[in-house]
Amino acid sequence: MDGLKKILGIVWILAALVVAYFGITVMGIPKLISGKQEDLVFGIIILFVLVPIVTGGLAIFGYYSLIGEYSNDKQ
């Protein structure tokens, strides 16, 4: 089971990278440069609030899973 947790840790880190890429290139920057006020507000919220929270959470969860923080045989 610990091997599966380590593999899923890698999956979580990769998911964080995908979310960061998608959030920045598809949802964030195009909204900032569109010129509409409602898109500007949405882009700021995506880039400076949601992307760091989501990617940080996924990356930290994956890192802890990789180092064995969630294993049952902690010492």
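Residue numbers count from 1 along this sequence.
Atoms CD1 and CE, from I45 and M27 in turn, are 11.0 Å apart once rounded to the nearest 0.5 Å. How far CG of L14 is from CG of L58: 11.0 Å, rounded to the nearest 0.5 Å. Taken to the nearest 0.5 Å, the CD1 atom of I33 stands 11.5 Å off from the CG atom of L40. With values rounded to the nearest 0.5 angstrom, I60 atom CD1 is found 10.5 Å from I13 atom CD1. Separation of atoms OG1 (T55) and CG (L50) is listed at 10.0 Å; rounding is to 0.5 Å. Atoms CG and CD1, from D2 and I7 in turn, are 11.5 Å apart once rounded to the nearest 0.5 Å.
If you chain together hydrophobic residues whose side chains sit under 4.5 Å apart, I53 and L17 never meet in one group. In this structure, V51 is a member of the same hydrophobic cluster as V41, with clusters built from ILVMFWY side-chain heavy atoms closer than 4.5 Å. The cluster map of Ile, Leu, Val, Met, Phe, Trp and Tyr, joined by side-chain heavy atoms under 4.5 Å apart, puts L8 and V18 in different clusters.
Here the shortest heavy-atom pairing between G23 and L47 reads O-CD2, 4.3 Å. Of all the heavy atoms in A59 and A16, the pair that sits closest is N-CB, 3.8 Å.
Between I29 and I24, the closest side-chain pair of non-hydrogen atoms falls below 4.5 Å.
Among residues two or more places apart in sequence or in another chain, the salt bridge (Lys or Arg N to Asp or Glu O under 4.0 Å) test is passed with K6 by none.
For CD of E38, the number of neighbouring non-hydrogen atoms (other residues, nucleotides, ligands) closer than 6.0 Å is greater than 12.
A ring pair (Phe, Tyr, Trp, His ring centres under 6.0 Å) check over residues 31-68, counting only residues at least two apart or in different chains, returns the pairs W12-F61, F61-Y70.
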